[in-house]
Student: 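So that we are looking at the same thing, I have put the structure below in structure tokens.
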There are 2 protein chains.
Amino acid sequence: MSSPSRRRTEALSRERIVDAAVALLDEAGEGGLTFRALSQALATGPGAIYHHVANKEELLAAATDAVVAGTLAGEPEGSPRDNVRALALGLFDAIDEHPWVAGGLTASSWQATSPRIFERVGRQVRDLGVPQDRWFTVTSVLMQYILGAAAQNAANARILGPDVDRDEFLGAVSTTWEELDADEYSFTRTVADQMRSHDDREQFLEGIDLVLAGIGTTVPGTGTT
Amino acid sequence: MSSPSRRRTEALSRERIVDAAVALLDEAGEGGLTFRALSQALATGPGAIYHHVANKEELLAAATDAVVAGTLAGEPEGSPRDNVRALALGLFDAIDEHPWVAGGLTASSWQATSPRIFERVGRQVRDLGVPQDRWFTVTSVLMQYILGAAAQNAANARILGPDVDRDEFLGAVSTTWEELDADEYSFTRTVADQMRSHDDREQFLEGIDLVLAGIGTTVPGTGTT
DNA sequence: ACCTGAACACCGTTCAAGT
DNA sequence: ACCTGAACACCGTTCAAGT
């Protein structure tokens with residue numbers, strides 16, 4: 001606006017590229033992120049992108065980091081338990097909304113994004129009263145459950161797609177389970193109706209509570225209260 | 001041997017293709033599975049594979065299933081807790097040895113492989129004395145932790161590669177953590193030395209025990225004994 | 001029915017050439 | 001310094017043609 005020379009297109013920048021990548025990933029999924037599609041969205045050539053980003057892997061990592069960083073904004077204000085739940089649910093919802101983030105996280109684990117999450121979770125573990133020599137392990141386990149469960153949920157969401165009805169899908173899976181071999185899959189058949197009526201978000205929170213309860217048993221005084 | 005007509009090459013079959021795919025994936029990683037490389041290993045043309053396998057996704061799912069089915073062979077004979085630990089460790093080791101299995105599992109979740117694992121885990125959950133109306137949730141949570149933690153471990157193994165020294169790598173990550181911003185990463189800095197000396201397998205088992213302890217709190221009588 | 005392998009429509013990435 | 005876009009070396013998948 002102020003300078004007429006950049007009236008038509010903003011100069012290319014890492015930030016603009018990452019934003020466009022996020023938009024593309026949201027629209028078309030992990031397979032939709034292409035240097036050709038991206039350069040078209042940015043009205044430039046495929047080669048131009050390499051001036052701001054080393055390669056596709058780094059671009060996916062940057063897009064993932066942008067989404068995760070957004071969910072971690074703001075200081076937590078509740079009890080450690082409530083903060084863990086809020087943190088976990090924030091990540092769960094972000095990965096549910098942007099399923100490609102799950103793949104981005106496992107692809108770039110020990111990079112920038114994971115320490116960000118680790119720090120947030122770890123502070124709550126510390127405030128939970130976990131003894132210091134168990135901080136690393138407990139934080140790792142909690143983070144593994146959060147990201148693992150969210151990733152598996154995202155995988156299901158990807159199969160579903162945005163146009164398939166969820167109830168219909170769960171019903172179909174449930175029916176498949178009921179028709180499994182009676183001897184080989186006796187347990188799975190028994191819980192087929194529980195799977196039909198379950199809620200992913202609720203189940204995720206129950207999982208968090210279960211892990212927290214497990215932590216509580218090693219920290220007498222921070223139990224299920 | 002018996003019939004001279006198949007002296008040179010065994011006829012192509014789904015089983016031979018899947019076996020060759022597993023070998024290729026083990027050698028060259030997820031990116032190494034190529035219809036050209038695969039057809040070369042099988043001394044045939046790329047098009048021939050499509051007579052036995054629908055596409056690459058199905059092939060990866062079949063390869064994943066082959067590996068997982070192998071780890072689930074044999075009936076468990078110990079206490080439910082021991083069986084869960086053995087089951088979890090078997091999957092952890094298999095995914096550690098074949099890191100591409102992690103990707104294959106999230107790609108083909110509600111297909112053949114997941115019910116197989118679910119059933120095995122679920123039977124132990126049942127034998128643990130968990131009330132029936134919680135079977136689905138508890139089994140799902142346990143399975144999510146097992147696969148999630150194993151997948152994240154595999155991601156690290158992939159970064160490491162077979163030629164990088166593990167201690168050196170952990171030392172480097174630990175040093176990076178120690179040099180993080182003191183305010184923003186106070187927790188992470190504190191546990192940097194714990195991360196340097198940790199053992200992945202041991203930490204995984206501690207996670208299993210923690211989840212089991214959490215389950216125990218909801219099943220009085222199946223506690224930490 | 002099964003296999004062949006060229007061909008199609010894509011990829012990520014590079015690099016001479018331009019501004 | 002940044003951008004262009006053709007070119008390279010790949011992909012998964014298809015399909016006429018063979019046996």
Student: Roughly how many Å is it from CG in A:Asn55 to P in D:dA9, rounded to a whole number?
Tutor: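 That distance rounds to 20 Å.
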Student: State, with a plain yes or no, whether a side-chain heavy atom of A:Val141 is found less than 4.5 Å away from one of B:Glu206.
Tutor: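 Of all side-chain heavy-atom pairs linking B:Glu206 with A:Val141, none is under 4.5 Å.
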Student: What's the CD1-P distance between B:Ile49 and D:dT13, to the nearest Å?
Tutor: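 Those two atoms, CD1 and P, are 11 Å apart.
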Student: Kindly assign one of parallel, tilted or perpendicular to the pair A:Phe118 and B:Trp177, based on the angle between their ring planes and the thresholds 30° and 60°.
Tutor: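 Rings of A:Phe118 and B:Trp177: tilted, as their planes differ by 30° to 60°.
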Student: On DNA chain C, does the nearest nucleotide to A:Ala37 precede the nearest nucleotide to B:Leu12 from the 5' side, or the other way round? Give the residue.
Tutor: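 Per heavy-atom nearest nucleotide, the more 5' residue is B:Leu12.
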Student: Calculate the interatomic distance between B:Ile17 atom CD1 and C:dC3 atom P; express it in whole Å.
Tutor: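 My rounded result for the distance is 8 Å.
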Student: Find the distance A:Leu60:CG to C:dG12:P and express it as a whole number of Å.
Tutor: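 Atom CG in A:Leu60 sits about 12 Å away from atom P in C:dG12.
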Student: Return no unless some side-chain N or O of B:His52 is found under 4.0 Å from OP1 or OP2 of C:dC3.
Tutor: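 Answer yes for this pair, as a side-chain N or O of B:His52 is under 4.0 Å from OP1 or OP2.
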Student: Taking OH from B:Tyr50 and P from D:dG12, how many angstroms apart are they, rounded to a whole number?
Tutor: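 Taking atom P of D:dG12 as the reference, OH of B:Tyr50 is at 7 Å.
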Student: Can you figure out which of C:dC3, C:dT13, C:dA7 approaches the side chain of B:Arg36 most closely?
Tutor: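 So the nucleotide nearest the side chain must be C:dA7.
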Student: Looking at A:Glu15, I'd like to know if its CD atom is crowded, meaning that more than 12 non-hydrogen atoms belonging to other residues, nucleotides or ligands lie closer than 6.0 Å.
Tutor: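 Counting neighbours around CD of A:Glu15, 12 or fewer heavy atoms of other residues, nucleotides or ligands fall under 6.0 Å, so no.
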Student: Out of D:dC3, D:dG12, C:dG12, which has the shortest distance to the side chain of B:Phe35?
Tutor: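 Per side-chain heavy atoms of B:Phe35, the pick is D:dG12.
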Student: With a 4.0 Å cut-off on N to O distance, would you call B:Asp96 and B:Arg201 a salt bridge?
Tutor: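 Result for this pair is no, no salt bridge flagged.
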Student: Measure from CD on A:Glu58 to C1' on C:dG12 and round the result to the nearest Å.
Tutor: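 Going from A:Glu58 (CD) to C:dG12 (C1'), I get 15 Å.
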Student: Without decimals, in angstroms, what is the distance between A:Leu59 CG and C:dC11 C1'?
Tutor: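 Going from A:Leu59 (CG) to C:dC11 (C1'), I get 15 Å.
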Student: Under 4.0 Å, counting only non-hydrogen atoms across every strand here, what does A:Leu33 touch: a base, just sugar-phosphate, or nothing?
Tutor: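 A:Leu33: backbone/sugar contact only, no base atoms under 4.0 Å.
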Student: Specify the residue among B:Lys56 and A:Gly47 whose closest nucleotide of DNA chain D lies further upstream toward the 5′ end.
Tutor: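 Here A:Gly47 is the residue nearer the 5' end.
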Student: Is there a Watson-Crick or G-U wobble partner for D:dC10 with both distances under 3.5 Å, and if so, which one is it?
Tutor: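 Pair assignment: D:dC10 / none.
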Student: Among D:dC3, C:dT13, D:dT13, which is the nearest nucleotide to the side chain of A:Pro46?
Tutor: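 That would be C:dT13.
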Student: Taking only the side-chain heavy atoms of B:Ala48 (C-beta and beyond), determine which of C:dG12, C:dC3, D:dC2 contains the nearest atom.
Tutor: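 Taking heavy atoms from C-beta onward, the closest nucleotide is C:dC3.
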Student: Whole angstroms only, please: what is the NE2-P distance between B:His51 and D:dA16?
Tutor: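 Going from NE2 in B:His51 over to P in D:dA16 covers 13 Å.
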Student: For the pair A:Leu12 and A:His52, evaluate side chain to side chain contact (heavy atoms under 4.5 Å, CB included) and give the outcome as yes or no after the intermediate values.
Tutor: CA-CA 8 Å; A:Leu12 217 50; A:His52 301 91; 3.7 Å; yes
Student: Go ahead and name the base partner of C:dA16; Watson-Crick or wobble counts if both distances stay under 3.5 Å, otherwise write none.
Tutor: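 C:dA16 is paired, partner D:dT4.
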